[in-house]
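Since the structure comes first, as structure tokens, the remarks are kept for the end.
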Amino acid sequence: MSVNILRSATGADGTRIVVNENNYAKGLATPVRYVKGVGERRAEQLARLDIHTVGDLLYTLPRRYEDRTQFTRISQLQSGDFATISCAVKACDWVKSRYGKPYFEAMVSDGSGIAHCRWYNAHYLKEQLKVETALVIFGKVSKSRGRISFQHPDFEVGEKGDEESLHMGRVVPIYALTENLQQRSARRIMWNAVNAFIGEVREILPESLLDRLGLLPAQEALSTVHFPETLARARAARYRLVFEEFLCVQLVLVARKIHSEQVLVGTAHNIVGRLKDSFVDSLPFELTGAQKRVIEEIENDMRKPRPMHRLLQGDVGSGKTVVAASALLDAIECECQGTVMTPTEILARQHYVSFKEYLEPLGLRVLLLTSDLSAARRKEVLPRIKDGWYHLVVGTHALIEDRVQFKKLGLAVIDEQHKFGVEQRGELYGKAHNPDVLVMTATPIPRTLAMTLYGDLDVSIVDEMPTGRKETVTRVIKEDQLPDAYGFIRKQVAKGRQAYIVYPLVSESDKLELKSAEEMFRHLRGEVFHDESVGLLHGQMPSGEKAAVMDLFKNGELDILVATTVIEVGVDVPNATVMLIENAERFGLAQLHQLRGRIGRGAHKSFCVLQGSPTTLDSWKRLKVMEKTTDGFVIAEEDMKIRGMGNLLGREQSGFPALRVGDPLGDSDILLDARREAFTIVESDPKMTKPEFEGLRSRARALYKLVGPFVRVG
Ligand code: ADP
Ligand code: MG
């Protein structure tokens, strides 16, 4: 799935659809196997890379380039250089080394010196390379004791600097591909595709825009990005393509935003703040400056006669729940109802507990609505939502089902966790009276990514942590250091503190995994912690039992809580100062950060111990990030850099089509340019009816079909 409409897309039912056919030139929808050089087998390889059509192929941009325009004399080569040499083979043969694999070696010369080239697993070379064969070679130079060598360099047979050459004597594209598809074949296929199909690429940007911003025309950009004359030209070409992609996304989001500001009619809440004030007064702490500021931003917005669409960002523990509760109280004060929606049932339960604690003392009625509610109970409560008896309803997005009707929904708080997509948001906006919507993220999102996912929303950031919190020190350890970690926990407990030991379950409903957590609990209680009291908490326990265990831990009757990720959100025990997370490599960084947010909440210094058995360098690097920082925004950014945007912008994750060519983190400058331009366009021509916007409008329209009903562009 992709924002770039030149791509095919997979529909919700799994069938492949070609997006917006009239705009999608027929040629680009051609199956990729019709490209010269792509047979059955290659087509299968490409399909695994999610490349099905010619359009998919052409919009697979090079990951980087190598400048092979300049030849270097062998005598001038420096160790570590990437260099191109033009030379002839002087001797070559297979070498069976005493250690390791046999390899093919060629000794080459250009008259100024000699270099040795080695290739492993290259049986075809015996046929291709003979004494006196002319060669152009590109690769990384290594020089040791005066001997110059290349390991597995790229090469091309023929006269030097052959003009037609795809692989040498030019700026050469390098694609991010699997092992099976060689760069040389990929380049050849791409060359054929560009030559045969570039004429099918349509220009959708207005000429005035191209002129004003100095952008390359569409066809030129796409052929240049694959086969540029210079690196500077490659950059300009890529800029144009990424800009176009971001612009289409931003047009949809900006159009939504402006539409909701100028056209939609919502409720103007006449907030006095009576309920909110008594709530805030009842809290055992002062609100932070950031909380006060954000509450005011929200109230100002809720007073307006248009629906609020706002994103509430803040690091774990910054106190977003208090802010959300205040806003809900403001809505309730104005004779409206509120709702809190979460992506999972567990989260719904946790929020229910927190909000009940905040609201019930004020005489308000809170309902938890989940899918496991009995039919009888459901029949009983639905009318009570409709007649306004319940002030607040907490539940999963089952809440947006049609049969759940409110008397008057004033504010919907959506706890997003990246899982609540643009589409579901759209459905909610359709609910009666255009309620105000506050989207709350559980983990911070870097600014430019937020613009891509939530660019239709205003943003409030709680950018200050409550005072009096002590720092949390984090250490990554290996499995054999676990006994030390247990010893450390004992010492902390002896000082009166409490500890969490978190066990990774991929899924809370997995019976087998649950069993291993239970076994671990018995092992810890029976054999490791003799003098400490140990409890167990997991998602499968009946809620009464769960609550009982939590109470014991809160009251200090349990020293150690062995738990699954159910404690990720909402659990709040300031006296708990240690968290040991076993097999931490199985969690994402954002989740680790969220878990770690359960400690460091009191007046004592806290310690997070991550036991990992990472199998790759990347997963080790990820864990080490946790040692370096406790700033959720930094962690989110690192996580995305390491895991790649693809995973985070995947459709199931975010509800938003994945980007094909742009990366909101790496290309943040282009994103900002595109967003600015989107505002200029929508403000000058809100429905984009000018003929010059025809191409952009139909692309944005196709995109908007993908992200659900909200506002019609045009
Ligand atoms: P978030 O949802 O942003 O992770 P919460 O709203 O759950 O954070 O708050 C985390 C903890 O901090 C809760 O125990 C809450 O009572 C407490 N808290 C919230 N605001 C403040 C504040 N201004 N001062 C001290 N503690 C606060
Ligand atoms: Mg919270």
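Every number for a ligand or one of its atoms is a count from 1 in the order of the listing.
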Option of least heavy-atom distance to atom 20 (N) of ligand 1 (set: E464, Q594, Q291): Q291

Nearest candidate to atom 5 (P) of ligand 1, where distance is taken over non-hydrogen atoms, out of A290, G319, G597, P284: G319

Take every heavy atom of [X], measure it against each atom of ligand 1, and state whether any distance is under 4.0 Å.
X	value
S318	yes
R601	yes
D315	yes

So does I298 get a backbone contact from the side chain of R310, meaning a donor-acceptor N/O pair under 3.5 Å? no

Tell me if a side-chain donor or acceptor on K386 pairs with a main-chain N or O of K407 at a distance below 3.5 Å. no

Between L312 and V462, is there a side-chain heavy-atom distance shorter than 4.5 Å? yes

Determine, stepwise, if the pair E627 / K624 fulfils salt bridge (Lys or Arg N to Asp or Glu O under 4.0 Å). CA-CA 5 Å; E627 275 187 358; K624 296 302 263 189; 3.3 Å; yes

Sub-3.5 Å N/O-N/O distance, [X] and ligand 1:
X	answer
V316	no
T321	yes
F285	no

With atoms numbered from 1 as shown, which atoms in ligand 1 lie under 4.0 angstrom from a non-hydrogen atom of [X]?
X	answer
L287	23 (N)
T288	23 (N)
E286	22 (C), 23 (N), 24 (N)
V322	6 (O), 19 (C)

Work out which heavy atom in Q250 is nearest to a heavy atom in T452; give both atom names and the distance. NE2-CA, 4.1 Å

With under 30° as parallel and over 60° as perpendicular, where do the rings of F529 and Y486 fit, or are they tilted in between? perpendicular

Classify the ring geometry between F355 and Y358 as parallel (under 30°), tilted (30 to 60°) or perpendicular (over 60°). perpendicular

Judged by modelled atom types alone, do R596 and T474 share a side-chain donor-acceptor pair under 3.5 Å? yes

